[in-house]
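One structure below.
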Amino acid sequence: MLISLNIENVVLIEKLTIAFDGGLCALTGETGAGKSILLDSLGLALGARAESRLVRKGAEQAQVTALFEITPDHSAFGVLEEGNVSIETGEPLILRRILTADGRSRAYINDQPVSAGLLRQIGDSLVEIHGQFDTQGLLNPATHRALLDEYAGIGGELSSSWGAWKTARAELERLQSRANNAQEEESYLRQSIEDLDALAPQEGEEETLASLRERLMNKERVLEGLNAAYHALNGEEDPVRAAWGALDRIADKLGTDGDEAINALDRASTEIQEALAQIQALSADLEQEEHSLESVDERLYQLRAQARKHQCAPDDLPQKREELAARLDAIEHADQHLEDQMRKVEQARAAYIAQAREISTKRGQIAQKLDQLVQAELVPLKLDKARFVTQIASLAEEEWGAHGMDQVRFLVATNPGAEPGPINKIASGGEMSRFMLALKVVMAEVGSAGTLVFDEVDAGIGGSTADAVGERLARLGQERQVLVVTHAPQVAARANHHYIVRKDGVDDVQTNIIALHQNEERREEIARMLAGASITAEARAAADKLLEAG
């Protein structure tokens, strides 16, 4: 619901803040007082096209801020999340638009910069504006199916079956494309598999070969070092054994005091012998190495060449071989795979059609109900000779989608016996507004917009018809916040809240919007609407009767 609208430097408004309430809010005033400025300002905040003409003469920029309260489950939160705009649950929604004199604009939601497109998306979810010449919901046939589905409670029932059919068709097209190129690809796959089988790559082989190559490259230096170590430990003069022999010869004179030293030298001699054995073994291994540096280099080259060819790591070659084999198998059994996939496509298509036909049946049933209810609303709106028809036609298969197989159009006929046609070609501006009013009254509980705006929905009517319009707007106001710009006293009298739009000043003319809180104030304004500039006692009495009836 729109809570307040703050307007700065828009046409004839220098600075103005208007607080709004729920229910039916009527905005009245003399022609030319500036009611359109209010709608232009609201549209600017909701993301409408920005025009420099809206900036007040002499001002550098105009600014409009609209404050809304919405429920935590409102669809606007999903749009904001997709747009990376963070809003706390329960926090009011503040839409702000700044327009400079040169026509540039900036948009903000809760002081976070956003694109005009995102602002418009949010605005569309918050407010519906219906005027004589911009009743887009009825004028644009592309919206009719969604309006009917929303009223019927039809959501995304077809999304799953449509998605399954679409996926199955895409896979079939992929298999058919592969089958068309099968001969050339089959030759390539066979040769690739043969090459990989001949190479027989092993997981982790590259690392093993690289380590072996490093060792082979240093073979001569390693052998030289091993030989030097062997000769150093196995020379003619062994200091350890010489020391052990010297101590052993005087062992009887040392007594037990020399045992530890003798034992240590004995252990050292044993360790040296073991080291000599290890050095001999290492030398023997290197001298008897079955791999040569050339053979290892060749193997590494072949592994890496195959890895480059298949755009993978050498360790992934075994897995790549299995993938190629699976592709070859698919080609060899392409006919069977195609046949199986065609069967899956037909099954998915049949499931989609069955579900889409159920949706079509439901649409037809709800359309009949909608037509009857709208027709009943048209009679008191002085459209008793008009007809409202929801036309449901079958689409060509290439036009089917997640929404189903139907085209939905709202058609009208304003003269008896005439064939129904598009509303914008049949109805006048005032008739379009009343058709929309009738439709919105019937569909009052659907739609995310908590605020509905009707601009002169009563144009060209009066008396009982204007009273019928007022009664329906009031009824709609029980479900939503309704703002109506009106010249009809019968409509204004039924409002829960009344605002008067007027011009003040001589040299510096400004538009003001004032809330009328007292019955006396409302009576005077409704009497003016009835009598014109000279308000008579009879007009005041008539205004009192309208207020009592409202």
Side-chain angles (χ1 to χ4, degrees), residues 189-328:
L189 291 173
R190 288 190 186 282
Q191 186 61 53
S192 295
I193 292 171
E194 286 178 12
D195 291 344
L196 288 173
D197 286 344
L199 185 63
Q202 302 297 318
E203 187 175 349
E205 185 178 1
E206 183 188 29
E207 183 179 355
T208 301
L209 288 172
S211 176
L212 177 59
R213 183 177 185 276
E214 183 71 20
R215 194 170 70 188
L216 289 172
M217 287 179 67
N218 297 311
K219 177 178 179 180
E220 296 302 325
R221 292 182 61 189
V222 171
L223 281 172
E224 184 180 337
L226 290 172
N227 287 334
Y230 181 82
H231 290 300
L233 293 175
N234 197 37
E236 293 180 2
E237 295 185 6
D238 183 348
V240 174
R241 182 158 295 279
W244 179 83
L247 290 178
D248 186 60
R249 285 191 295 272
I250 60 172
D252 57 335
K253 297 177 177 61
L254 289 173
T256 57
D257 293 339
D259 289 349
E260 288 188 13
I262 293 171
N263 291 335
L265 289 169
D266 187 41
R267 290 195 302 273
S269 179
T270 302
E271 291 292 336
I272 288 172
Q273 294 304 312
E274 290 183 5
L276 287 169
Q278 288 294 327
I279 290 170
Q280 284 180 312
L282 288 170
S283 297
D285 287 343
L286 280 174
E287 289 173 347
Q288 298 172 10
E289 177 66 69
E290 63 182 28
H291 299 288
S292 67
L293 184 59
E294 290 76 13
S295 66
V296 171
D297 278 341
E298 178 63 22
R299 179 69 178 176
L300 276 171
Y301 174 80
Q302 291 175 344
L303 285 172
R304 289 168 178 170
Q306 285 293 316
R308 284 193 302 272
K309 176 182 177 180
H310 298 293
Q311 298 181 340
C312 66
D315 280 355
D316 295 332
L317 286 173
Q319 180 182 348
K320 178 60 66 174
R321 191 267 178 209
E322 297 306 314
E323 292 175 6
L324 296 174
R327 286 167 57 184
L328 181 60

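Judged as a side chain to side chain donor-acceptor pair (under 3.5 Å), and not counting sequence neighbours, Glu207 has no contacts. Judged as a side chain to side chain donor-acceptor pair (under 3.5 Å), and not counting sequence neighbours, Asn263 has no contacts. Residues meeting the side chain to side chain contact (heavy atoms under 4.5 Å, CB included) test with Asp266, sequence neighbours left out: Trp244. Take Ser269 and apply the side chain to side chain donor-acceptor pair (under 3.5 Å) test, not counting sequence neighbours, and it matches Arg241. The salt bridge (Lys or Arg N to Asp or Glu O under 4.0 Å) search around Asp297 returns Arg213, not counting sequence neighbours. Residues forming a side chain to side chain contact (heavy atoms under 4.5 Å, CB included) with Glu274 (at least two apart in sequence, or on another chain): Thr270, Glu271. Taking Arg190 as the reference, Glu186, Leu328, Glu332 meet the side chain to side chain contact (heavy atoms under 4.5 Å, CB included) condition, with sequence neighbours excluded. By the side chain to side chain contact (heavy atoms under 4.5 Å, CB included) test, Glu203 pairs with no residue at all, sequence neighbours left out. Applying the side chain to side chain donor-acceptor pair (under 3.5 Å) criterion to Asp195, with sequence neighbours excluded, gives Gln191. For Asp316, the salt bridge (Lys or Arg N to Asp or Glu O under 4.0 Å) test picks out no residue, with sequence neighbours left out.
Arg321 CZ to Ile193 CD1: the interatomic distance, rounded to the nearest 0.5 Å, is 5.5 Å. Rounding to the nearest 0.5 angstrom, the gap separating the CG atom in Leu300 from the CD atom in Glu205 is 8.0 Å. For the atom pair CZ of Arg308 and CG of Leu303, the computed distance is 11.0 Å after rounding to the nearest 0.5 Å. To the nearest 0.5 Å, atom CD of residue Glu323 and atom SG of residue Cys312 are 8.0 Å apart.
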Show your working on side chain to side chain contact (heavy atoms under 4.5 Å, CB included) between Arg304 and Glu206 and close with a plain yes or no. CA-CA 9 Å; Arg304 289 168 178 170; Glu206 183 188 29; 2.9 Å; yes
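Side-chain contact check for Gln302 and Gln306: no donor-acceptor pair (N or O, by modelled atom type) lies under 3.5 Å.
When all heavy atoms of Ala307 and Ala313 are compared, the closest pair comes out as CB-C, 4.0 Å. The shortest heavy-atom contact between Gly204 and Asp315 is N-OD1, 3.0 Å.
Residues Pro318 and Gln202 are not in side-chain contact: their nearest non-hydrogen atoms beyond the backbone lie 4.5 Å or more apart.
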